[in-house]
Amino acid sequence: MPKSDYFEDVYEVVRLIPTGRVTSYGAIAAYLGSKRGARMVGWAMNNCHSRPDVPAHRVVNRQGLLTGKHCFGSPTAMQELLEAEGVPVKNDQVQEWNRHFWDPLVELQ
DNA sequence: GCTGTGACTTTTT
DNA sequence: TAAAAAGCCACAG
């Protein structure tokens, strides 16, 4: 049993994101039970350095904007990763966000 | 033990 | 319609 279940849960949901799909912090937070916990999800991602298996580039904000791109070392690394997986990104913004949006509450039910 | 901060979201002005 | 403020929970100092 890990000490921070909240973080572990966030990482687990992020790992379940299929390739070519993206989700929002609020969706993960809502899946955990608190939509207001979106900031905690971002905090967990900030500690993503402790979890190399967490595709944080698949997690963006509600607007589909690549907010945490700066955490990848390069401001374009996140965009390149998403485009490499089949998710078109323009101006740090996911194209067809509504189509690529992956909701754990719906997919994982 | 208390304060500050944070890759957000929602509501109100 | 756009912009600004508040709310929220958890970790770090």
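The model shown is predicted, which means the values in this text are computed figures rather than measured ones. Each chain gets a letter, A, B and so on, in the order the sequences are listed, and its residues count up from 1.
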Legend entry - ring-ring contact (aromatic ring centres under 6.0 Å, His included) contacts in which one or both residues fall within residues 17-37 of chain A, not counting sequence neighbours: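 Listed once each, the pairs would be none.
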
Near DNA chain B, under 4.0 Å by heavy atom, which residues of [range]?
| range | value |
| --- | --- |
| residues 54-62 of chain A | A:A56, A:V59, A:N61, A:R62 |
| residues 82-89 of chain A | none |
| residues 64-72 of chain A | A:T67, A:G68, A:H70, A:F72 |

N/O donor to acceptor pairs below 3.5 angstrom from side-chain atoms of residues 12-23 of chain A, sequence neighbours left out:
{"unit_1": "A:T19", "atom_1": "OG1", "unit_2": "A:R58", "atom_2": "NH2", "d": "3.3"}
{"unit_1": "A:R21", "atom_1": "NH1", "unit_2": "A:R99", "atom_2": "O", "d": "2.7"}
{"unit_1": "A:T23", "atom_1": "OG1", "unit_2": "A:W102", "atom_2": "O", "d": "2.7"}

What integer distance in Å separates [X]:[atom1] from [N]:[atom2]?
| X | N | atom1 | atom2 | value |
| --- | --- | --- | --- | --- |
| A:N46 | C:dA12 | CG | P | 10 Å |
| A:Y11 | B:dA7 | OH | C1' | 12 Å |
| A:F7 | B:dG6 | CZ | P | 14 Å |
| A:W43 | C:dG13 | CH2 | C1' | 11 Å |
| A:N47 | C:dG13 | CG | C1' | 14 Å |

Legend entry - Partner residues of A:N47 under the side chain to side chain donor-acceptor pair (under 3.5 Å) criterion, sequence neighbours left out: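 In terms of side chain to side chain donor-acceptor pair (under 3.5 Å), with neighbours along the sequence ignored, A:N47 is linked to no residue.
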
Inset, instruction - For residues 64-75 of chain A, pull every pair meeting salt bridge (Lys or Arg N to Asp or Glu O under 4.0 Å), keeping only residues two or more places apart or in separate chains. - result: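 Listed by first then second residue: A:K69-A:D92.
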
Legend entry - Which atom of A:N61 lies closest to which atom of A:L65, heavy atoms considered: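 Taking every non-hydrogen atom into account, OD1-N, 2.5 Å.
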
Legend entry - Nearest heavy-atom neighbours spanning A:A29 and A:A38: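 Reported closest heavy-atom pair: CB-N, 3.4 Å.
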
Inset, instruction - Rounded to the nearest 0.5 Å, what's the gap from CZ on A:F7 to OG on A:S50? Could you check? - result: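 One gets 9.0 Å once the value is rounded to the nearest 0.5 Å.
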
Legend entry - A:N91 side chain to A:Q93 backbone, donor-acceptor under 3.5 Å: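 Absent.
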
Legend entry - Heavy-atom side-chain contact between A:V87 and A:E96 under 4.5 Å: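 Sidechains of A:E96 and A:V87: no contact.
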
Legend entry - Non-hydrogen side-chain atoms of A:S24 and A:Q63 separated by less than 4.5 Å: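 With C-beta onward as the side chain, the pair stays apart.
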
Inset, instruction - Indicate whether the side chain of A:H100 and that of A:Q95 have a donor and an acceptor atom separated by less than 3.5 Å. - result: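 Not at all, the side chains of A:H100 and A:Q95 share no donor-acceptor pair under 3.5 Å.
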
Legend entry - Partners passing ring pair (Phe, Tyr, Trp, His ring centres under 6.0 Å) against A:W97 (at least two apart in sequence or in another chain):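 Ring pair (Phe, Tyr, Trp, His ring centres under 6.0 Å) check on A:W97 returns A:F101.
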
Which pairs would a plain distance check flag for residues 72-80 of chain A, meaning a side-chain donor or acceptor within less than 3.5 Å of a matching protein atom at least two apart in sequence or in another chain?
{"unit_1": "A:Q79", "atom_1": "NE2", "unit_2": "A:V89", "atom_2": "O", "d": "3.3"}

Legend entry - Sugar-phosphate or base contact per nucleotide [nucleotides 2-8 of chain C; S, B, -; heavy atom under 4.0 Å]: -----BB

Legend entry - Under 3.5 Å donor-acceptor pair, A:Y25 side-chain atoms to B:dA7 base atoms: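 Per atom types, the contact qualifies.
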
